[in-house]
Amino acid sequence: MSVRVRFAPSPSGSLHVGNVRTALFNWLFARKNKGVFILRIEDTDVERTFYSAYQGILEDLSWLGLNWDEGPYRQSERLDIYKSYAIRFLEEGLAYKCFCSPEELEREREKAIKEGRPPRYSGKCANLSPEEVSRLEAKGISYSIRFKIPKDAYFVVDDIIRGRIEFDVNAITGDFIILRSDGMPTYNFAVVIDDYLMKITHVIRGEDHLSNTPRQLLIYKALGVEPPRFAHLPMIVGSDRSKLSKREGSLSIKELREQGFLPEGVVNYLALLGWSPKGEEIKTLDELVEEFSLEEVSPSPSAYDPAKLRWINRQHILRLDEEKLLEYAKPFLGDLNNYPKDWLLKAIVSIREYAETLSDIPRYIEKYYLSDINLDKSYKEELILGKKAIETFLNLLRETEDLSVIDNVFKEAIKISGVKGRRFYHPIRLAITGYESGPELVEFIPILGKDRCIERLERALKFLEE
RNA sequence: GCCCCCAUCGUCUAGAGGCCUAGGACACGGCCCUUUCAAGGCCGAGACAGGGAUUCGAAUUCCCUUGGGGGCACCA
């Protein structure tokens, strides 16, 4: 039987790193096994559903390259299906109508918590006689449908990541609602109906769903079908080991994209959270597919580390071919896009090794090539010491037409001035770039252009006289 | 309160009884190279939560403790 997996987010906000790691592992598993990756939107909570979030999910997945084979299915379009199964359960005596009001339930719940009892539904509506049920219905009192849990329910799950897990259902839950009074299904019910109907073979989801599993197994059993295999991925936690919070910085995929992270970088980093490849950590999506294995996923939670994300992103920036890098950088370049393409390309390539994100690219171009250099007072002494080197180089530069052989000019200037090595190059670097570090000078000078080099050198000479 | 999960360097992890004086990567510190570096190279510091048990031998198996996390809704 071929593998079928699904990613089933709810459109209540933007996709964040935790969600996406789940999507990624599902996708990798599907691709690795030549299976099918299904996208399903769990939008049965009208209050929390936003169309923008729905669109965002599609955008984010597309951007990351996590293409889906089926869907997006939307649960809100399948309401009749859930309802029909709920009614079937009702008819089979597996569920019953519950006329308790939300307020009433909330009161009981609070009371139970206060008295130190587990907050569970008492099951009182299960004992309503048929006459009472029709009387309440006739009065127009709305009802929900509750699943009646069998008294002896006990499950053993063989989780792909965690191994054997046992659940004593009666120690966990009371009768739970499967269809709300407004006709909407609840999560635990709708997931199972859908996973069953969509023939899902492997449910790969976050560990936060682990304790939902027994409730869902109950539904499978009521349906009379075999449940799929389960794999519960470890949570991604913050640097303080607690739940990932907004304070942690860039957590939504949209934000990461806007900050200039590459889809390659994000995907690569996320793949390393809970899983690790044998050798080199820098991988393309194709390589990840090749090497990924669900069995190798670690069960313990992993902390989100922005520093490593940045490092990995930089590795991908370094590996991109030049045209593609330019393409990626474009949205971040702003007015820089008006510069001639070949100049832009050279400028980008000259500073790419410093860039951790795409948004660093315009910053460095601005810093080195465009803004007026502002020589720091602390450079003064070194510039004075290097005056001869600067002057000699400047004079030769004036007579040079072809900047592609600038290294010959350097050699010539070294010969004439008698200054060499660091004491020769460094003052010139300060004068021309304005900083102590930056791109190779032989690369830098042709990009900056002869006139501006001369201008900057002259300016430095003036500065050291001041 | 009840149920479930987790536990190796600061972080991500390798490790499925002897190959472990515990390996790699990020971050950190130092050195080297280089005209400079935020690049590259080399080196360093840094961990098996604690206690029992099994075994000739345990990071690896079992139990307990502790710590962290998740769940217990007419949210998903």
Side-chain angles (χ1 to χ4, degrees), chain A residues 8-12 42-45 47-49 75 98 100-102 105-106 109 112-121 142-146 159 161-162 165-174 176-188 190-191 206-215 232 234-235 237 239-243 269 272-282 296 298-312 314 318 353-356 360 364 410 414 420-430 433 435-442:
Chain A
S10 61
S12 55
E42 313 227 320
D43 53 355
T44 53
D45 185 353
E47 302 262 310
R48 301 191 197 186
T49 290
Q75 290 190 325
C98 172
C100 301
S101 71
L105 293 169
E106 184 54 30
R109 200 184 135 77
I113 291 170
K114 214 164 73 187
E115 290 171 5
R117 288 180 291 118
R120 256 175 239 163
Y121 180 61
S142 65
Y143 61 87
S144 58
I145 298 180
R146 270 186 201 273
D159 189 279
I161 294 169
R162 283 152 221 280
I165 304 166
E166 298 175 41
F167 297 100
D168 178 359
V169 179
N170 284 290
I172 293 171
T173 180
F176 57 92
I177 290 173
I178 57 177
L179 203 72
R180 297 185 248 176
S181 50
D182 62 0
M184 296 296 258
T186 57
Y187 166 75
N188 284 116
V191 205
E207 196 202 312
D208 48 341
H209 289 285
L210 191 54
S211 24
N212 285 319
T213 310
R215 261 175 289 270
H232 288 95
M235 303 302 280
V237 299
S239 48
D240 60 352
R241 294 264 120 204
S242 69
K243 210 173 183 173
Y269 175 68
L272 264 26
L273 249 31
W275 177 78
S276 68
K278 292 286 171 277
E280 172 74 38
E281 285 184 324
I282 304 302
E296 287 169 358
S298 146
S300 58
S302 29
Y304 178 73
D305 180 6
K308 185 144 186 182
L309 204 212
R310 298 181 77 79
W311 179 79
I312 286 182
R314 180 169 156 263
L318 250 24
E353 73 174 89
Y354 307 117
E356 289 187 313
D360 287 338
Y364 284 118
F410 276 122
I414 287 169
K420 58 185 177 180
R422 188 197 153 91
R423 281 184 300 143
F424 172 83
Y425 283 104
H426 207 238
I428 292 176
R429 163 173 294 283
L430 289 175
T433 70
Y435 296 95
E436 290 185 281
S437 64
E440 293 283 335
L441 287 180
V442 291

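What you are looking at is a predicted structure, and each value in this text was computed from that prediction instead of being measured. Quick note on labels: first sequence line is chain A, next is B, and so on, each numbered from 1.
- Checking A/Gln75 against A/Arg429, the closest nucleotide of RNA chain B that is more toward the 5' end is the one next to A/Arg429.
- A/Thr213 comes within contact range of no nucleotide atom at all, as no heavy-atom separation falls under 4.0 Å.
- Contact annotation for A/Arg109: backbone-only contact, meaning every heavy-atom pair under 4.0 Å involves sugar-phosphate atoms and none involves a base.
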Fill in the blank from the handout: Expected string for nucleotides 37-43 of chain B under the B/S/- scheme (protein heavy atoms, under 4.0 Å, primed atoms plus P, OP1, OP2 as sugar-phosphate) is BBS----
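- Looking at A/Arg120 and A/Thr173, their side chains never bring a donor and an acceptor atom within 3.5 Å of each other.
- Closest heavy-atom contact between A/Tyr269 and A/Ala303: OH-O, 3.8 Å.
- In this structure, A/Pro299 reaches the sugar-phosphate backbone alone: every heavy-atom distance under 4.0 Å involves primed, P, OP1 or OP2 atoms, never a base.
- At a cut-off of 3.5 angstrom, counting only N and O atoms as typed in the model, there is a donor on one side and an acceptor on the other between the side-chain of A/Asn212 and the base of B/rA76.
- A search for ring pair (Phe, Tyr, Trp, His ring centres under 6.0 Å) contacts involving A/Phe410 returns A/Phe393, A/Tyr425, not counting sequence neighbours.
- Among residues two or more places apart in sequence or in another chain, the side chain to side chain contact (heavy atoms under 4.5 Å, CB included) test is passed with A/Thr49 by A/Pro11, A/Asp43.
- In this model, the phosphate group of B/rC74 is not approached by any side-chain N or O of A/Ser101 to a distance below 4.0 Å at OP1 or OP2.
- Within the nucleic acid shown, A/Glu166 comes within 4.0 Å of sugar-phosphate atoms alone, with no base atom in reach, counting heavy atoms only.
- Among the nucleotides B/rC74, B/rG69, B/rC26, the one closest to any side-chain atom of A/Glu207 is B/rG69.
- A/Ile428 comes within contact range of no nucleotide atom at all, as no heavy-atom separation falls under 4.0 Å.
- Comparing atom distances between the A/His426 side chain and each of B/rU36, B/rC4, B/rA76 picks out B/rU36 as nearest.
- Figure legend. B/rU21 is base-paired to no nucleotide; pairs are counted as Watson-Crick or G-U wobble with both atom distances under 3.5 Å.
- Of the side-chain N and O atoms in A/Arg146, none sit less than 4.0 angstrom from OP1 or OP2 of B/rA73.
- Remark: B/rC33 base-pairs with no nucleotide; criterion is Watson-Crick or G-U wobble with both hydrogen-bond distances under 3.5 Å.
- The residue A/Arg48 sits close to a base: some heavy atom pair falls under 4.0 Å.
- A side-chain donor-acceptor contact under 3.5 Å links A/Tyr354 to the backbone of A/Gly438.
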Problem - A/Arg162/A/Leu210 under side-chain contact (heavy atoms from CB on, under 4.5 Å): CA gap, chis, key distance, verdict - result: CA-CA 10 Å; A/Arg162 283 152 221 280; A/Leu210 191 54; 4.2 Å; yes
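- Nucleotides B/rA53 and B/rG15 are separated by 29 Å at their P atoms, to the nearest Å.
- A/Arg310 meets the salt bridge (charged side-chain N to carboxylate O under 4.0 Å, His left out) test with A/Glu356; sequence neighbours excluded.
- A/Arg314 and A/Glu353 are not joined by a salt bridge, as no carboxylate oxygen comes within less than 4.0 angstrom of a charged side-chain nitrogen.
- If you check every strand for non-hydrogen atoms under 4.0 Å, A/His209 touches a base.
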Handout entry: A/Lys308 and A/Glu281: CA distance, side-chain angles, deciding distance, salt bridge (charged side-chain N to carboxylate O under 4.0 Å, His left out) verdict
Key = CA-CA 11 Å; A/Lys308 185 144 186 182; A/Glu281 285 184 324; 3.0 Å; yes
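- Taking atom CZ on A/Phe167 and atom P on B/rC4, their separation rounds to 8 Å, with Å as the unit.
- With a cut-off of 3.5 Å on both Watson-Crick or G-U wobble distances, the partner of B/rA7 is given as B/rU66.
- Evaluation of the side-chain hydrogen bond (donor to acceptor under 3.5 Å, both in side chains) rule for A/His426 yields A/Glu382 as partners, not counting sequence neighbours.
- Nucleotide B/rA39 forms a pair with no other nucleotide shown, judged by Watson-Crick or G-U wobble geometry with both contacts under 3.5 Å.
- Nucleic acid contact for A/Cys100: base, since at least one base atom lies under 4.0 Å from a heavy atom of the residue.
- The nucleotide B/rA27 finds no pairing partner, because no Watson-Crick or G-U wobble arrangement with both distances shorter than 3.5 Å includes it.
- At B/rC72, none of the side-chain N or O atoms of A/Arg120 fall inside 4.0 Å of OP1 or OP2 (strictly under the cut-off).
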Completion exercise
For nucleotides 8-17 of chain B, 5' to 3', base contacts (B), sugar-phosphate-only contacts (S) and non-contacts (-) with protein non-hydrogen atoms under 4.0 Å give ---SSSS---
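- Across all strands shown, B/rC2 forms a Watson-Crick or G-U wobble pair with B/rG71, both key distances being under 3.5 Å.
- Note on A/Glu42 versus A/Arg48: no salt bridge recorded, every NZ/NE/NH1/NH2 to OD/OE distance being 4.0 Å or above.
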